[in-house]
Amino acid sequence: FAAVNHCVQGLQASGFSSVIQNSLQGFQLSGISNVVKGKIQGFQFAGLVNTAHGTFAGGQFAGLVNNSKGKFQGIQSSGLVNIADNMQGFQTGGFINIANNMKGFQFSGFINIAREITGVQVGVINIANSCKGVSFGLINVIKDGIIDPAFYWENDDMFIQYQSGTNSFFTTFLAGTHENFSFDYGILGFGIGTRLGKGFFGVDIELLCKQLLNYSFANDISKLKNQNDENFEKQKIDVLTEYTIPAAKITLNMRFGKGFGIFFGANTDLEILGRNEKAFANRNTGKIKLHEFDNMSFKTHTSVSFGFKF
């Protein structure tokens with residue numbers, strides 16, 4: 001059930017635990033855990049946990065956890081957690097990837113963490129002190145990247161906003177209501193964007209999706225809840241679509257030091273006739289222009305915004 005060797009050239013396998021006191025050239029397999037205390041040129045396969053103490057060139061594959069404490073070149077893949085110190089290659093984890101210095105690609109089901117990364121992070125949450133590359137996620141916390149809370153005015157509405165990520169790719173969360181705080185409606189939004197320029201001037205280019213929340217929306221949703229219809233899910237999506245606002249925005253940023261800046265934006269909201277008119281009813285939505293293309297008619301609602309970033 002357990003295998004212990006000093007050095008292995010070839011294959012070490014056991015049903016329970018495999019341990020190599022020095023180096024491995026080849027393959028290490030076990031039902032539970034693998035441990036190599038020296039250099040590895042090859043692959044570890046374990047049902048639960050792989051641990052490598054020395055330099056590693058190859059791959060670690062585990063049901064739960066991979067842990068490499070030396071320089072790693074290759075791939076780590078696990079069902080739960082990957083941990084590496086100096087990593088060059090790929091980390092794919094079911095829940096979390098952790099690396100000190102990362103050159104390559106991190107993909108996780110939930111969170112990626114790296115002190116310094118040159119490459120790509122893909123996860124729900126990405127965290128790094130420094131990112132030379134791109135972080136794709138709902139929340140990207142990059143210490144030397146974009147971390148911009150803000151508030152701004154657009155038409156008769158006032159918004160709070162949070163942007164995070166890198167210049168190559170950042171995400172935007174926003175929430176707003178009428179500037180007199182009547183709360184007759186609210187707006188929630190999410191977007192993705194890229195930033196051109198550094199220093200004093202910068203230009204953001206964003207695609208946004210905003211959701212209008214008002215009494216009419218609540219009433220339409222409540223009507224659905226009182227129906228026993230096999231098409232309930234489709235009808236729910238239709239109602240959400242009626243109050244959804246696709247948008248594009250270009251923003252000019254001016255930074256006065258690290259903690260303060262102002263910005264001016266040009267925003268275009270898209271109203272598709274027959275689909276989402278309710279999202280634009282009874283609100284000041286800017287300058288309106290009708291467009292007709294083949295069998296589709298739509299309106300663009302163009303407005304400007306002004307705000308402050310911190």
Side-chain angles (χ1 to χ4, degrees), residues 1-137 139-141:
F1 289 97
V4 179
N5 297 93
H6 184 69
C7 294
V8 172
Q9 289 182 313
L11 172 66
Q12 184 192 50
S14 74
F16 184 74
S17 174
S18 296
V19 178
I20 299 175
Q21 300 289 351
N22 201 329
S23 62
L24 167 67
Q25 288 183 310
F27 298 87
Q28 189 180 42
L29 290 78
S30 75
I32 302 297
S33 66
N34 290 316
V35 178
V36 177
K37 297 183 179 180
K39 181 180 178 181
I40 298 177
Q41 291 179 306
F43 297 87
Q44 289 182 309
F45 298 90
L48 295 182
V49 180
N50 287 314
T51 302
H53 291 266
T55 59
F56 198 126
Q60 282 184 318
F61 302 88
L64 289 181
V65 179
N66 289 313
N67 185 10
S68 176
K69 299 181 180 181
K71 183 178 180 181
F72 191 102
Q73 293 178 302
I75 181 170
Q76 284 186 317
S77 180
S78 74
L80 188 64
V81 180
N82 292 309
I83 302 171
D85 182 29
N86 192 336
M87 178 80 185
Q88 293 181 350
F90 298 86
Q91 283 186 316
T92 61
F95 182 74
I96 184 171
N97 293 313
I98 301 172
N100 189 19
N101 295 308
M102 179 74 193
K103 293 183 179 180
F105 179 89
Q106 284 186 317
F107 176 85
S108 76
F110 187 64
I111 185 169
N112 294 305
I113 300 173
R115 187 174 66 87
E116 295 181 357
I117 180 167
T118 302
V120 179
Q121 290 179 310
V122 179
V124 178
I125 300 174
N126 299 303
I127 300 173
N129 281 351
S130 174
C131 179
K132 296 178 180 178
V134 183
S135 295
F136 293 104
I139 300 174
N140 303 293
V141 182

Nearest 0.5 Å, what's the [atom1]-[atom2] distance between [X] and [Y]?
X      : Y      : atom1 : atom2 : value
Phe95  : Asn112 : CZ    : CG    : 11.0 Å
Leu64  : Ser33  : CG    : OG    : 11.5 Å
Ile127 : Ile117 : CD1   : CD1   : 12.5 Å
His53  : Asn22  : NE2   : CG    : 12.5 Å
Ser68  : Ile83  : OG    : CD1   : 10.0 Å

Nearest non-hydrogen partners of [X] and [Y], listed with the distance:
X     : Y     : result
Asn66 : Ser78 : ND2-CB, 3.6 Å
Gln28 : Val35 : NE2-O, 3.2 Å
Ala13 : Ser18 : C-OG, 4.0 Å

Might you confirm whether atom CZ of Phe45 has over 12 heavy atoms from other residues, nucleotides or ligands at distances under 6.0 Å?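 Result for CZ/Phe45: enclosed.
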Report the C-alpha distance between Phe61 and Gln76 in whole Å, list the side-chain angles of each, state the deciding distance to 0.1 Å, and finish with yes or no for side-chain contact (heavy atoms from CB on, under 4.5 Å). CA-CA 6 Å; Phe61 302 88; Gln76 284 186 317; over 6 Å; no
Taking it one step at a time, do Asn100 and Arg115 satisfy side-chain hydrogen bond (donor to acceptor under 3.5 Å, both in side chains)? CA-CA 5 Å; Asn100 189 19; Arg115 187 174 66 87; 2.6 Å; yes
Could you walk me through whether Ser30 and Ser14 satisfy the side-chain hydrogen bond (donor to acceptor under 3.5 Å, both in side chains) test, starting with their C-alpha distance in whole Å, then the side-chain angles of each, then the deciding distance to 0.1 Å, before giving a yes or no? CA-CA 5 Å; Ser30 75; Ser14 74; 5.0 Å; no
Between the side chains of Gln44 and Asn34, does any donor sit under 3.5 Å from an acceptor?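 Side-chain D/A pair, Gln44 to Asn34: absent.
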Any side-chain to backbone donor/acceptor pair from [X] onto [Y]? Under 3.5 Å, distance only.
X      : Y      : result
Gln106 : Val120 : no
Asn82  : Thr92  : yes
Asn86  : Met102 : no
Gln91  : Ile75  : no

When Ile40 is tested against each of Ile20, Asn50, Leu24 for side chain to side chain contact (heavy atoms under 4.5 Å, CB included), which residue passes?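 It is Leu24, the one option of Ile20, Asn50, Leu24 that forms the side chain to side chain contact (heavy atoms under 4.5 Å, CB included) with Ile40.
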Between Phe110 and Ile96, does a side-chain contact (heavy atoms from CB on, under 4.5 Å) hold up when you go through it step by step? CA-CA 6 Å; Phe110 187 64; Ile96 184 171; over 6 Å; no
